[in-house]
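Accompanying notes for the structure given below.
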Amino acid sequence: MATISRRSFLKGAGATAGALAISNVTAMPVYANERTGSAVLTAQRWGAMLVEVKDGKIVSSKNALPQTVENSLQSTAADQVHTKTRVKYPMVRKGFLENPEQPTGKRGDDEFVRVTWDQALKLIRTQEARIRDAYGHESVFAGSYGWRSSGVLHKAQTLLQRYMTMAGGYTGHLGDYSTGAAQVIMPHVMGSIEVYEQQTTHDVVLETSDVVVLWGLNPLNTLKIAWSSTDGSGLEFFHKLKKSGKTIIAIDPMRSETIEFFGENAQWVAPHPGTDVAMMLGIAHSLVSKKQHDVEFLNKYTAGYDKFEAYLLGQTDGVEKTPEWASAVCGVPAKQLEILADIFSSNRTMLMAGWGIQRQQYGEQKHWMLVTLASMLGQIGLPGGGFGFSYHYSNGGNPTRDAGVLPALSAAIGGVGASGARSATTGTYNFPAARIVEALENPMGTYQHNGHEKTFPNIKMIWWAGGANFTHHQDTNRLISAWQKPELIVISEPYWTAAAKHADIVLPITTSLERNDLTMTGDYSNQHLVPMKQVVEPQHEARNDFDVFADMAELLEPNGRSIYTEGKTEMEWLNGFYKEAQKIGRQNRVPMPNFTHFWKQNQLIEMKWNAENAKFVRHAEFRKDPILNPLGTPSGKIEIYSKTIESFNYPDCPPHASWMAPKEWVGAAKEGELQLMTSHAAHRLHSQLNYALIREQYAIANREPISINTQDAKARGIKTGDLVRAYNDRGQILVGALVTDGIKQGSVCVHEGGWPDMEQQHGLCKNGACNVLTQDIPSSRLANGCAANSSLVRIEKYTGESLTLTAFMPPKNG
Ligand SMILES: Nc1nc2c(c(=O)[nH]1)N[C@H]1C(S)=C(S)[C@@H](COP(=O)(O)OP(=O)(O)OC[C@H]3O[C@@H](n4cnc5c(=O)[nH]c(N)nc54)[C@H](O)[C@@H]3O)O[C@H]1N2
Ligand SMILES: Nc1nc2c(c(=O)[nH]1)N[C@H]1C(S)=C(S)[C@@H](COP(=O)(O)OP(=O)(O)OC[C@H]3O[C@@H](n4cnc5c(=O)[nH]c(N)nc54)[C@H](O)[C@@H]3O)O[C@H]1N2
Ligand SMILES: [Mo]
């Protein structure tokens, strides 16, 4: 990392003359695509796509919307459908099929036997009924967390839960892995979750910010996707930002794809992973000692700053959080922290933060401290100032369009609130998503969550549809043990994932390219309405989740299918959703063609630009009048100190943002140990596409790559391309070495999402799945978020016997 001078930092600061005008794009909805040709228009998480088909097979796919920055995920449609990794038929684990009530063998070790759809569904129904009878409805876990495909109809979890609702109920989950910690702490601090909300718009930032800070933010990767489907605007924004001449500061232990993209237009500052709170405290201390903090803002808009300042100055714990103190923790020179304090306070500064920083032990503190720092800078609610927690996700700065917005299928039959609607789970035992293994290990055990004592369910059956919990959950070997406990595990999947290989019953499901659906783009913008057209016939014996659960409903009760489907076919549902969107469109003066015409056109609809929305500044109303527009916190202000959190009395979540050393981090590393980061990968969405051809662009030694600092590699005799064993007490993985100066010394990175490919007896993964090594602990009692990024590992050149990669091979007979 280059040392940073005040001069190099300031290069470009304030250079915002010739500001970009707020663009006026579309006055009327248009069919945006003129280059469709013979291609079929569809959409996935990674955007609207044009897919070419020849003789019933996909031959190519590409972006449907114009774009400056390429999105590598859009080229993968052919692999998604035609890969050898597809589940072809319903299959049942041998020991389970032979005796479903007293099965022999072990999940993950046993053979699979092909059965018919009819056999598989009847087997599930019989065992499900037995389990519900014996242990109650809450023993069925159907939380089914995960990034199933886009679409408002073919929503795997919802379809599963809709069936489970009819069957008597189920236990679900709370929160998510993404922002588990931040989404629970933020309502206490800001009165809103902040992480999934419209941000000050891209145009306003381009026009008014002088300094943009990318705090643990890798938008070049993470903006390739959105929850609905990406509208593409975020990548375009970062492209413009790069050219804007503004001061860009990226704070990240890794020289991420984004930092590479900015090149010399950004300054890279690399703290040790997990130490951002200490780093921010050092900056905050510098602000106070130079009286650069905004006392007026703190008095008017925040509560409890005095208590925080006493901590900052060491009056409560005897440790003054000076830049020197912070530097010793975070590994960034004290002088640089002071310079950062100068720059932040003397410019219009937007602090954009990602979420990897809170997927750590004490993750709650990160975003709380960031809001505290932003409060001290006093720019929250000003155009281009303050903080934003969704610039790297779902294009959070793209303003909301005047749109006809699609509704979506709900888990309640007949729609929420409809007369005779059957409601879903009671939710008594719903537990935080990332606590699944504890729930399995500790049935009916109690735990703390956000001020409440809660009880884990007694899980006897799991049905997962649309998630990949064997890759997404921490400490895989611990998961594999806990996973033996339920009496029935069903996995609905297009692919032979590790979870499928560890199931009793596996059902082959279509990909979104084999069925019809609809989606909006942009989770905030609603920029487009896109037909998700079926591109090819369902492969092998794959069926839609919708049809599978409709069949299950028919096994449940007379006429069950038509209750489940409400008597409507796929196209009738889509027609209905579209008509609803049309109605909303009409209210917003957005005319839309009729459904038949729309569907035939093979074109998407771009929604109407709203010039007012384009000027949106987050928290501007609160800033204008904090009495009339209070925040949703107990004080109505930004809670730098929370009396509510104080009342919980949690040792792992004190009442103001605080530095607490995690159990595993660089500072606690024994000789030879390195801290593992598990960031999100450029060329896949979590585990999705790990099997695809695009893997050749990143795999090293035919494994997941591990980024290692040059010095750390040298000390261990490791070179780029070497096969490396990374290990700790929890397990071991084989990875391919990528030696680089682009990662802080003392840390390594293996991206999340590699498929576990376990050599069971050694607890070793042949593909390099990072979660074999990660700790499965909660962020804290407050949020119980995923804390994967707080883990230590050792690495060495692998010298053992050669092991064949089997991650993407179907099991025997599969
Ligand atoms: N170490 C570490 N672990 C992490 C993270 C981290 O940063 N570090 N990040 C965490 C985060 S933020 C998240 S969100 C999770 C992601 O975890 P997941 O969302 O579970 O990951 P995906 O790989 O997207 O899983 C989606 C699965 O659904 C399947 N699928 C797709 N469409 C359909 C469909 O129509 N029907 C059915 N039945 N199945 C379908 C896909 O084949 C795939 O297996 O991972 C978490 N895990
Ligand atoms: N291509 C692609 N896009 C995705 C996803 C995907 O899997 N692939 N997943 C989607 C999902 S579900 C989510 S939740 C989001 C995830 O979005 P994030 O959680 O923000 O993504 P991460 O990659 O975990 O982390 C972002 C950056 O933080 C850095 N970082 C890690 N630890 C630290 C630290 O301690 N301090 C600092 N300062 N920086 C740190 C990493 O090096 C990385 O560059 O992305 C979404 N977008
Ligand atoms: Mo996520």
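Each ligand, and each atom within it, is numbered from 1 in the order the structure gives. Residue numbers start at 1 and run along the sequence shown. Note that this is a predicted model, so its numbers are computed, not measured.
- Atoms of ligand 1 found under 4.0 Å from any heavy atom of N771 (numbered from 1 in listed order, with element): 1 (N), 2 (C), 3 (N).
- Remark: H272 engages no residue in a ring pair (Phe, Tyr, Trp, His ring centres under 6.0 Å) (not counting sequence neighbours).
- Taking any N or O of A468, backbone or side chain, at least one lies under 3.5 Å from an N or O belonging to ligand 1.
- Taking each of M677, H751, E493 in turn, the one with a heavy atom nearest to atom 42 (O) of ligand 1 proves to be E493.
- For ligand 2, the atoms lying closer than 4.0 Å to a non-hydrogen atom of W215 are 38 (N).
- Below 4.0 Å from some heavy atom of G274 lie the following atoms of ligand 2, by number and element: 34 (C), 35 (O).
- Here is the list of ligand 2 atoms found below 4.0 Å of a heavy atom in A682: 1 (N).
- A cation-pi arrangement is found for R162 relative to Y564, the charged atom lying closer than 6.0 Å to the ring centre and inside a 45° cone about the ring normal.
- For ligand 2, the atoms sitting less than 4.0 Å from at least one non-hydrogen atom of W147 are 12 (S), numbered in the order shown with element in parentheses.
- Nearest-heavy-atom check against atom 30 (N) of ligand 1 across P494, A681, S791 picks out P494.
- Atoms of ligand 2 found under 4.0 Å from any heavy atom of S178, numbered from 1 in the order shown, are 12 (S), 14 (S).
- Ranked by closest heavy atom to atom 25 (O) of ligand 2, the top entry among A250, G356, S390, S790 is G356.
- For atom 20 (O) of ligand 2, the nearest protein heavy atom (residue, atom name, distance) is W355 N, 2.9 Å.
- Counting heavy atoms only, H680 comes closest to atom 5 (C) of ligand 2 of the residues H680, K224, H272.
- Close N/O approach between Q688 and ligand 1 is found [any backbone or side-chain N/O within under 3.5 Å].
- Residue E752 touches ligand 1 through its side chain alone, judged by heavy-atom distances below 4.0 Å.
- Which of D276, T258, T179 comes nearest to atom 36 (N) of ligand 2 through a heavy atom is settled by distance: it is D276.
- Contacts between S687 and ligand 1, counted as non-hydrogen atom pairs separated by less than 4.0 Å, involve both the backbone and the side chain.
- In the model, S144 has no side-chain atom that pairs as donor or acceptor with a side-chain atom of Q161 under 3.5 Å.
- For the pair R359 and ligand 1, the shortest N or O to N or O distance falls below 3.5 Å.
- In this comparison of H473, R684, H686, the heavy atom closest to atom 13 (C) of ligand 1 sits on H686.
- With a heavy-atom cut-off of 4.0 Å, T678 touches ligand 1 through backbone and side chain alike.
- Set against the non-hydrogen atoms of S256, the atoms of ligand 2 under 4.0 Å away are 44 (O).
- Contact annotation for A499 and ligand 1: no heavy atom of the residue comes within less than 4.0 Å of the ligand.
- Looking at G146, G467, S679 and measuring to atom 27 (C) of ligand 1, the nearest heavy atom belongs to G467.
- At a heavy-atom distance under 4.0 Å, atoms from both the backbone and the side chain of T222 approach ligand 2.
- Side-chain atoms of Q360 and K366 include a donor-acceptor pair closer than 3.5 Å.
- Distances below 4.0 Å separate heavy atoms of A788 from the following atoms of ligand 1: 1 (N), 2 (C), 8 (N).
- Each of the atoms 3 (N), 4 (C), 10 (C), 46 (C), 47 (N) of ligand 2 lies under 4.0 Å from some heavy atom of I225.
- Ion pairing between K533 and D517 fails under the 4.0 Å rule for side-chain N and carboxylate O.
- Of the candidates H472, H154, R515, R515 brings a heavy atom nearest to atom 35 (O) of ligand 1.
- Heavy-atom contacts of L685 reach the following atoms of ligand 2: 5 (C), 6 (C), 7 (O), 8 (N), 9 (N) (cutoff under 4.0 Å).
- Contacts with ligand 2 closer than 4.0 Å are made by no heavy atom of C749, backbone or side chain.
- In terms of polar-atom proximity, defined here as any N/O pair under 3.5 Å, T774 makes no such contact with ligand 1.
- T179 and Y393 share no side-chain donor-acceptor pair at under 3.5 Å.
- Remark: ligand 1 atoms within the under-4.0 Å shell around heavy atoms of Y495 are 42 (O).
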